[in-house]
2 protein chains.
Amino acid sequence: MELKQIEKISKALSDINRLKILQYMQKNQGKVECTHACDLLDLAQPSISHHIKKLVESGLINQHKIGRNYHYSLNHEVWDNYMLRLKNL
Amino acid sequence: MELKQIEKISKALSDINRLKILQYMQKNQGKVECTHACDLLDLAQPSISHHIKKLVESGLINQHKIGRNYHYSLNHEVWDNYMLRLKNL
DNA sequence: AAAATATATTGAAATTTTTAAATGTATAAA
DNA sequence: TTTATACATTTAAAAATTTCAATATATTTT
């Protein structure tokens, strides 16, 4: 993993709303209802959408549509590599 | 460790220049000669100073002056807590 | 196929971050 | 104690990020 990706992942983790979204995902078995997330975070729907996109683009989470809603899962490989690289910076 | 500090540390790690500074510190046993760092990163001296400050403020590194220059050391407690919190987000 | 529901994208404003010139402060050397 | 050297701070401009209204797209229901 290159330094550039370490930077990108750290950036994805550097916003409290995105951290809360990650927590919400985990608690909800990866299921995310956008409207519920809006209430929870007190953000407009496009903002939620934008934050989720950043998480996906960083590679930290995978996205797949189920019916009308989305499900997400941690990309454990990316996650573990990130930790490892930080430890041995 | 609160979510706010996770955010702050991630933010400190979310700039490639700061990551390079961290690497440079490690390679140099924590010793930093600012002018050398300027050359390495192709940044002006105040920028280096600013980036180092962000790292110190995040709690990731400790700063202590030796003679005219500065030495730094990783704050392992903060570092480890950060990792742990991320793992169990 | 039309209406309803859920998320994505675009565009623009507000905020934050990054950068460096100018200047200040502290230490070391002459 | 003057001069040189090294890092810090202030200030201001440039760049990037965050936010949301408006709009678009996709899916489900009727």
Side-chain angles (χ1 to χ4, degrees), chain A residues 3-25 27-73, chain B residues 3-25 27-73:
Chain A
L3 224 52
K4 259 290 169 199
Q5 193 173 357
I6 303 284
E7 184 190 34
K8 194 166 190 178
I9 293 175
S10 299
K11 206 164 272 180
L13 292 171
S14 73
D15 180 280
I16 201 153
N17 291 315
R18 287 195 286 273
L19 290 172
K20 283 178 183 169
I21 288 174
L22 277 174
Q23 286 190 327
Y24 171 72
M25 278 177 187
K27 273 191 202 128
N28 245 37
Q29 291 92 41
K31 214 184 326 172
V32 168
E33 293 172 43
C34 203
T35 39
H36 185 208
C38 288
D39 289 354
L40 191 73
L41 300 176
D42 198 27
L43 284 177
Q45 178 267 318
S47 301
I48 302 285
S49 199
H50 166 256
H51 284 307
I52 289 179
K53 195 175 179 184
K54 284 219 158 176
L55 288 169
V56 171
E57 281 171 354
S58 78
L60 277 176
I61 59 173
N62 301 120
Q63 184 182 44
H64 46 113
K65 203 164 189 175
I66 294 185
R68 192 181 305 191
N69 289 17
Y70 280 81
H71 284 211
Y72 301 89
S73 52
Chain B
L3 225 50
K4 260 289 169 198
Q5 194 173 355
I6 302 285
E7 184 190 33
K8 195 167 190 177
I9 293 175
S10 300
K11 205 165 273 178
L13 292 171
S14 74
D15 180 281
I16 201 153
N17 291 316
R18 287 195 287 273
L19 290 172
K20 284 179 183 169
I21 288 173
L22 277 175
Q23 285 190 326
Y24 172 73
M25 278 176 187
K27 273 191 202 131
N28 245 38
Q29 291 93 41
K31 214 183 327 171
V32 169
E33 293 172 43
C34 203
T35 39
H36 186 209
C38 289
D39 288 353
L40 191 74
L41 300 177
D42 198 28
L43 283 177
Q45 178 267 320
S47 299
I48 303 285
S49 200
H50 166 255
H51 284 306
I52 290 179
K53 195 174 179 185
K54 284 220 161 177
L55 287 169
V56 171
E57 281 171 355
S58 77
L60 278 176
I61 60 174
N62 301 121
Q63 185 181 43
H64 46 113
K65 203 165 191 175
I66 294 186
R68 192 183 306 194
N69 289 17
Y70 280 81
H71 284 210
Y72 300 89
S73 52

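Quick caveat: nothing in here was measured; it's all calculated off a predicted structure. Note on naming: letters A, B, ... go to the chains in the order of the sequence lines (proteins, then strands), and numbering restarts at 1 for each one.
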Looking only at side-chain N and O atoms, does B/Lys53 come under 4.0 Å of OP1 or OP2 in D/dT9?
yes
Rounded distance in Å - CG (A/Leu43) to P (D/dC20)
5 Å
Using heavy-atom distances to pick each residue's nearest nucleotide on DNA chain D, tell me which of B/Gln63 and A/Asp42 is more 5'.
B/Gln63
Any chance you could measure A/Cys34, atom SG, to A/Ile48, atom CD1, to the nearest 0.5 Å?
6.0 Å
Can you tell me the distance, in whole Å, between the CG atom of B/Asp15 and the P atom of D/dT17?
10 Å
When you match A/Ser14 and B/Arg68 each to their closest nucleotide on DNA chain D, which lands nearer the 5' end?
B/Arg68
Between CD1 on residue A/Ile21 and CD1 on residue A/Ile61, distance to nearest 0.5 Å:
8.5 Å
Any N or O donor-acceptor pair linking the side chain of B/Gln45 to the base of D/dA8 at under 3.5 Å?
yes
Under 4.0 Å between a side-chain N or O of B/Asn17 and OP1 or OP2 of C/dT18?
no
For the rings on A/His64 and A/Tyr72, is their centre-to-centre separation under 6.0 Å?
no
Spacing of B/Lys54 atom NZ relative to D/dC7 atom P, expressed in whole Å
21 Å
Any A/Lys65 side-chain nitrogen or oxygen under 4.0 Å from OP1 or OP2 of C/dA6
no
Taking the side chain as everything from C-beta on, heavy atoms only, tell me whether B/Val32 gets closer than 4.5 Å to B/Asn69.
no
